[in-house]
Amino acid sequence: MESGQLPMSTLPGGFDLQSTLESGQSYLWWRADGGDYDDEPPYGGDAWYCTTTRATGEPAAVRVRQRDGVIEWESTVDAEPVLRDRLRLDDDLDAIRAATPDDPLVEASFDAYRGMRLVRDPPFASLISFICSAQMRVSRIHAMQQSLREAFGDPIAVDGETYHAYPTPERLAAATEAELRDLSLGYRAPYVKRTAEMVADGNDPGAMEGEPYEAARESLTRYVGVGEKVADCVLLFSLGYLQAVPLDTWIRKTIGEYYPDCDRGNYADTSQAIRERLGGEYAGYAQTYVFHHLRHGGEVEQRA
DNA sequence: CCCCAGGCACCTC
DNA sequence: GAGGTGCATGGG
């Protein structure tokens, strides 16, 4: 077991582990206390876990927590590069905020969750988890991913505890639709199975990274259960397209209330309009702050 | 009983 | 391309 730590002062713009992991970006981490992500912050407990894959292909778990100005971790692997990658610790939040237009709602949201970062989830797990997210509450999306891991993920034994890796494409492709429905996936069950089959057959969802944004979004919608919104989530929270602005019910409501001129009647044009309003390159960062802020009842003092 | 949740597939026109 | 419908499940 290796442990390590990193002072937050080395991270440009700071870091807030809890808001990063509880802002509805990633459903692949879980709390050591088993607590529900819809509990009101602050989480006074201890640590979060994620899993990663060794060079040998064997899965491993990483335990992380933040306290007294440091991020600290324990794992059977060298976790620092994993955490830098998965939690985007190298993003310069000050520069990102500086590149984001002044706007009362965006400013209030950045202020409320200083240090929140985007995540970089592994592509297949991101894809499946956001297929599961359709018409579903944040806490239940988490619960579904937990169920999928426990039912189909390779076990990871650590200190007498057993955790489970996220299932492989092959394993989910081999699951029956009935088995998936038994995990309360509902009508998403066949989507998960068919998409897993596509990935297992060689269609790597990470392969379009580097393509132009709109082409990449189009490519992702080939997967079953993936429309424009889920595609934008995978682009933003896994493939590093920081300009992507997923139009979910919250953001649509926000557009109606704060940016009505950005409503262009269809997804692609509205998405482009709000993307430009939020500054383009890092629009997805601003969107994620606003989403998290409004979902926790935040408002803005003064309307533009 | 109702409505809603980080929507999508499928069907018309 | 735009517009309607059905869809599983659980919580308020």
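Each chain gets a letter, A, B and so on, in the order the sequences are listed, and its residues count up from 1.
- Rounding to whole angstrom units, CD1 of residue A:I131 and C1' of B:dA5 are separated by 18 Å.
- Using a 4.0 Å heavy-atom criterion, one finds that A:Y27 contacts the bases of the nucleic acid, with or without backbone contacts as well.
- Taking atom CH2 of A:W250 as the reference point, atom C1' of B:dA5 lies 10 Å away to the nearest angstrom.
- Ring stacking holds between A:F291 and B:dG6, with the centres under 5.5 Å apart and the planes within 30 degrees of each other.
- Between the side chains of A:D91 and A:Y285, at least one donor N or O sits under 3.5 Å from an acceptor N or O.
- The pair A:R171-A:D154 does not count as a salt bridge, with every side-chain nitrogen at least 4.0 angstrom from each carboxylate oxygen.
- Note: NZ (A:K229) to P (B:dA9) measures 13 Å, nearest angstrom.
- Atoms CZ (A:R252) and C1' (B:dC8) sit 12 Å apart, rounded to a whole Å.
- Rounded to a whole angstrom, the distance from the C1' atom of C:dC7 to that of B:dC3 is 16 Å.
- Taking atom NE2 of residue A:H292 and atom C1' of nucleotide B:dG6, one finds them 13 Å apart after rounding to whole Å.
- In this pair, A:Y166 and A:F124 present their aromatic rings perpendicular. The plane angle is above 60°, beyond the 30 to 60° band.
- To the nearest angstrom, C1' of B:dA9 lies 13 Å from CD of A:E228.
- Each of A:D261, A:D263, A:D103 was evaluated against A:R277; a single residue qualifies, A:D261, per the salt bridge (charged side-chain N to carboxylate O under 4.0 Å, His left out) test.
- Rounded to an integer number of Å, the gap from A:D121 CG to B:dG6 C1' is 14 Å.
- Here A:S133 does not reach the OP1 or OP2 of B:dG7: none of its side-chain N or O atoms lies under 4.0 Å away.
- At the heavy-atom level, A:G225 lies under 4.0 Å from the strands shown only through sugar-phosphate atoms.
- Under the 30°/60° scheme for interplanar angles, the aromatic rings of A:F237 and A:F130 are found to lie parallel.
- When each of A:T221 and A:L247 is assigned the nucleotide of DNA chain B with its nearest heavy atom, A:L247 is the one assigned upstream, toward the 5' end.
- Taking atom P on both C:dA8 and B:dC11, the two are 15 Å apart, rounded to the nearest angstrom.
- Not a single donor-acceptor pair under 3.5 Å links the side chain of A:E72 to the backbone N or O of A:R65.
- Listed pair A:N266 / C:dG1 fails the phosphate criterion, with no side-chain N or O lying under 4.0 Å from OP1 or OP2.
- Using P as the reference atom, B:dG6 and C:dG6 are 23 Å apart when rounded to the nearest Å.
- Using P as the reference atom, C:dG10 and B:dA9 are 23 Å apart when rounded to the nearest Å.
- Remark on DNA chain B: of its neighbouring residues A:G24 and A:Y223, the 5'-side contact belongs to A:G24, judged by nearest-heavy-atom nucleotide.
- At whole-Å resolution of the value, CG in A:L220 and C1' in B:dC8 are 15 Å apart.
- Note on ring orientation: taking the six-membered ring where Trp is involved, the planes of A:Y113 and A:H292 are tilted (angle from 30° to 60°).
- Between A:R275 and A:E214, at least one side-chain nitrogen of the basic residue sits less than 4.0 Å from a carboxylate oxygen of the acidic one, meeting the salt-bridge criterion.
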B/S/- along nucleotides 6-12 of chain C (protein heavy atoms under 4.0 Å) is -BBBBB-
